[in-house]
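Convention: sequence-line order gives letters A, B, ...; per-chain numbering from 1.
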There are 2 protein chains.
Amino acid sequence: MQKEKKDLAEVIRSAGFRATRPRLSLLSFLEKADFPLSIQEIVDGLTRKVDQVTVYRMIESFKTAGLVREVNLQGDRPKYELADAENDHHHIVCTKCHRVEDFVGCGVERIEKKALQGSRQFAAITGHSFDLYGLCNTCAK
Amino acid sequence: MQKEKKDLAEVIRSAGFRATRPRLSLLSFLEKADFPLSIQEIVDGLTRKVDQVTVYRMIESFKTAGLVREVNLQGDRPKYELADAENDHHHIVCTKCHRVEDFVGCGVERIEKKALQGSRQFAAITGHSFDLYGLCNTCAK
DNA sequence: ATTCCTGCAAATACTTTGCATCCTT
DNA sequence: AAGGATGCAAAGTATTTGCAGGAAT
């Protein structure tokens, strides 16, 4: 019954942090979310109250540790999501209502290779961000 | 000799704005820049002093008018660049020193089509953002 | 017991708003 | 002359920093 929680604690520890209540809450909250969340949304969403400053700090350290990924969408504050290493997914954002849907398989490797060859100033490519903008079914009507 | 300036004024007017000194400065500055700039960089870079508030307002209205494009890169404030409609280019960003280089040909059309077919919630795709992160030659050493 | 974390207060930085004046049209 | 645009002051948000007390190891 505590299995899930225990796993999270382990994740946190192996990243070099102490498994505290706020950090467990944050990870388990992000795990449940199915789209990236802003700092504010996280603060408001956590059932057990956690100070905003603490959320900023956790996100910052988790980002550095590679547990969390920052997502920058047009005209919005940065948002954050769990960085499951293998889960190379991206986002389609509705430009009207800001609804976010994931999509997978961006097949970006070829482009990365091409870009690297075409570059005079870069030695390596370590990551990418790729998002689509459009209209969701509701807003398109 | 005034040819260039005159063109810019025309661009501004056809977007529905008055061709004022600050707006001309901004456009001509962005034209010279070869990577996206933050609000602060613009304010500091304009030779003829323009109030920060005015820069915010110009960028906002130019963005709406489609003259300027907002670029959101990892962990940075938003940056802005001229939105030459045909110039569908993207950025490679050094994760250490934040140097930015452009690259072209992202060949994203196929991916867009695929994503749209795979989506249950989206009706149309109108744009995309695509950026690469890596290490520049200097920082890779 | 030690060291890391957290919360609170407060300082900074960023962005928006209101309004009187100036400048383009 | 009219109405949009700018600058300045100030309000509103967002984010960072400092530090004392609390919790995990």
Using heavy-atom distances to pick each residue's nearest nucleotide on DNA chain C, tell me which of A:Pro22 and B:Val53 is more 5'. A:Pro22
Looking at B:Gln74, is its backbone amide N or carbonyl O close enough to the side chain of B:Tyr133 to form a donor-acceptor pair, meaning the two atoms are under 3.5 Å apart? yes
[atom1] of [X] versus [atom2] of [N]: gap in Å, rounded?
X: B:Asp44; N: C:dC14; atom1: CG; atom2: P; value: 11 Å
X: B:Ile59; N: C:dC14; atom1: CD1; atom2: P; value: 16 Å
X: B:Arg18; N: C:dT25; atom1: CZ; atom2: P; value: 7 Å
X: B:Tyr80; N: C:dC14; atom1: OH; atom2: C1'; value: 11 Å
X: A:Arg13; N: C:dT3; atom1: CZ; atom2: C1'; value: 16 Å
X: A:Ile12; N: D:dA23; atom1: CD1; atom2: P; value: 17 Å
X: A:Tyr56; N: D:dG18; atom1: OH; atom2: P; value: 17 Å
X: B:Glu10; N: C:dT24; atom1: CD; atom2: P; value: 16 Å

Please determine, by modelled atom types, if B:Glu101 and B:His91 share a side-chain donor-acceptor pair under 3.5 angstrom. no
Can you find a side-chain donor-acceptor pair between B:Ser28 and B:Glu31 that sits under 3.5 Å? no
Show your reasoning for whether side chain to side chain contact (heavy atoms under 4.5 Å, CB included) applies to A:Leu67 and A:Val11. CA-CA 9 Å; A:Leu67 260 46; A:Val11 169; 4.3 Å; yes
Is the base of C:dT6 touched by the side chain of A:Arg21 through a donor-acceptor pair closer than 3.5 angstrom? no
Does a distance-only test, which skips hydrogens and angles, find a donor-acceptor pair under 3.5 Å between the side chain of A:Arg57 and the base of C:dG7? yes
Would you check, one step at a time, whether the test salt bridge (charged side-chain N to carboxylate O under 4.0 Å, His left out) holds for A:Glu60 with A:Lys63? CA-CA 5 Å; A:Glu60 173 61 24; A:Lys63 203 175 53 166; 3.8 Å; yes
Residue met sooner reading DNA chain D from 5', once B:Thr54 and B:Arg77 are mapped to nucleotides: B:Thr54
Give the nucleotide from the list C:dT15, C:dG7, C:dT24 with an atom nearest to the side chain of A:Val50. C:dG7
Between C:dC5, C:dT15, D:dA5, which one does the side chain of B:Arg23 approach most closely? D:dA5
Whether B:Thr20 contacts D:dG4 is assessed here as follows: a side-chain N or O lying under 4.0 Å from the phosphate OP1 or OP2. Is that the case? no
